[in-house]
Amino acid sequence: FFLTEYTGPLLIYLLFYIRLSTIYDQVESMKNFRHPVVHLACFCHCLHYIRHLLETLFVHKFSGGHTPLKNMIKGCAFYWGFTSWIAYYINHPRYTPPSFGHRQVSFAALAFLICEAGNHFINVALAHQNHSGNKACFPSPTYNPFTWLFLLVSCPNYTYEVGSWISFTVMTQTLPVGIFAFLMVIQMSLWAQKKHKLYLKRFYPEVQRKAAMIPIIF
C-alpha cells in the first residue's frame, strides 16, 4: 500500500519535469528559461518521496493486518492527483518564480531539508524504540537535536511532515502546493490527536504536558 502510494508521486512528478510534448507545448518549452527553483523543487519533491520509500522498506514496523482496497485507491487518488496538479504548475513553461527571489527560495529550501532530516530521525527513534521491545516509557530525546521536539509534542514526525510541505509552499509559491499543505495540516493534526489520546492512556505521566503536533495550537 505505502510503496504504491509513494512511488506514484515520484514518477508522476518526473514526467512533468521533463516536459513531455503531450503535456506542454514543445515550442514554448524549448524557448522558456527554467528558473533554478524549478530544478530545486524537483530535487526536494523526489527526496521527500524517496525518503518515504526507503523508510517503508527499512525503518517502519508494520503489523500483520491488511489495508482495504478502497483505502489504497483513495490514498493513491489523493497523492497522485495532487502531485499531477502541483507538478503541472511548477514545471509549466510560464511558471512565475517566488516574489522575493533567491532569498525566499534559499530559506525555504533550508527549512525543508531540516524538516526532512527531522522526520527521518524521529521515525528511526520510534522504530528503534519499538524494536527494542521497551514499551514501558514514551520515547525520549537523545543527543540528536532533531529528537528534542519530543520535549514539546508527542507526534514530532507529523510536525516535521507539515513543516516540509509548508516550506515547499513558500519555496515554490504556488496555489496547488498551498492547498495540499493546508489539507496535510488538517490530516496530520487528526492523526496526531488520535495518537496523542492513545499515548495518554499508555504513558500518562510522560505525555501529560505535551501537545499533539504543534505546541499551544494542537
Name the atoms and distances for all side-chain donor-acceptor pairs under 3.5 Å in residues 5-14, with sequence neighbours left out.
residue, atom, partner, partner atom, Å
Thr7, OG1, Leu3, O, 2.5

Applied to residues 90-110, the salt bridge (Lys or Arg N to Asp or Glu O under 4.0 Å) test, sequence neighbours excluded, yields Glu28-Arg94

request  = Examine Leu47 and Phe107 and state if one hydrophobic cluster contains both, with Ile, Leu, Val, Met, Phe, Trp and Tyr joined whenever side-chain heavy atoms are less than 4.5 Å apart.
outcome  = no

Query raised in the report: Is atom CZ of Phe182 surrounded by more than 12 heavy atoms (other residues, nucleotides or ligands) closer than 6.0 Å?
Result: no

* Does Tyr17 belong to the same Ile/Leu/Val/Met/Phe/Trp/Tyr cluster as Met30, with side-chain heavy atoms less than 4.5 Å apart forming each link? -> no

- Check whether any side-chain N or O of Asn123 sits under 3.5 Å from a backbone N or O of Asn119 as a donor-acceptor pair, and report yes or no. yes

* Do Asp25 and Pro93 have side-chain heavy atoms sitting under 4.5 Å apart? -> no

- prompt: Quick one: does Asn91's side chain get under 4.5 Å of Tyr24's, heavy atoms only?
  reply: yes

Check the orientation of Tyr49 and His45. Use parallel for under 30°, tilted for 30 to 60°, and perpendicular for over 60°. tilted

Rounded to the nearest 0.5 Å, the CG atom of Leu15 sits from the OG1 atom of Thr22 at a distance of 8.5 Å

**Request:** Would you indicate whether the side-chain heavy atoms of Ile214 and Val153 approach each other to under 4.5 Å?
**Result:** no

Correct closest heavy-atom pair for Ile90 and Ala41 would be CG2-CB, 4.0 Å

Item to check | Side chains of Thr4 and Trp80 in contact at under 4.5 Å (non-hydrogen atoms) | outcome: yes

Give a yes or no answer on whether the side chain of Thr147 reaches the backbone of Tyr143 with a donor-acceptor pair at less than 3.5 Å. no

(message) According to a hydrophobic-cluster definition based on side-chain heavy atoms being under 4.5 Å apart (Ile, Leu, Val, Met, Phe, Trp, Tyr only), do Met171 and Phe100 belong together?
(response) no

Residues passing the salt bridge (charged side-chain N to carboxylate O under 4.0 Å, His left out) test with Arg51, sequence neighbours excluded, are Glu55, Glu116, Glu161

Please check: side-chain N/O of Trp148 versus main-chain N/O of Thr142, any donor-acceptor pairing under 3.5 Å? yes

For His196 and Ser154, the nearest pair of non-hydrogen atoms, with its separation, is ND1-OG, 2.8 Å

Output for pair (Ile179 CD1, Trp85 CH2), nearest 0.5 Å, gives 3.5 Å

Residue pairs passing the side chain to side chain donor-acceptor pair (under 3.5 Å) test with at least one member in residues 166-180, sequence neighbours excluded, are Ser99-Gln173, Gln104-Gln173, Thr172-Thr174

Min side-chain heavy-atom separation Thr159-Leu152 under 4.5 Å: no

>> Just so I know, are the side chains of Phe150 and Ile122 near enough to count as touching, which here means a heavy-atom distance under 4.5 Å?
In response: yes

*Shared hydrophobic cluster, Ile50 / Val59 (ILVMFWY, side-chain heavy atoms < 4.5 Å)*: no

Residues at least two apart in sequence or cross-chain that pass ring-ring contact (aromatic ring centres under 6.0 Å, His included) with Phe121, listed by chain then number, are Phe146

Margin query: Using the rule that Ile, Leu, Val, Met, Phe, Trp and Tyr join whenever any side-chain heavy atoms are under 4.5 Å apart, tell me whether Leu113 and Val37 fall into a single cluster.
Written below: yes

### Message
Could you check, using the six-membered ring where one of them is a Trp, whether His39 and Phe43 have ring centers closer than 6.0 angstrom?
### Response
no

ring-ring contact (aromatic ring centres under 6.0 Å, His included) filter on Trp165, not counting sequence neighbours, yields His48, Phe168, Phe180

What one should report as the nearest heavy-atom pair of Gln26 and Leu20 is OE1-C, 4.3 Å

Inset, instruction - Would you indicate whether the side-chain heavy atoms of Tyr158 and Lys195 approach each other to under 4.5 Å? - result: yes

Aromatic contact between His102 and His35, with the criterion being ring centroids under 6.0 Å apart: yes or no? yes

If you draw a 6.0 Å radius around OH in Tyr89, do more than 12 non-hydrogen atoms from other residues or ligands fall strictly inside?
-> no

*asked:* Are Ile86 and Phe16 packed together at the side-chain level, in the sense that at least one heavy-atom pair is separated by less than 4.5 angstrom?
replied: no

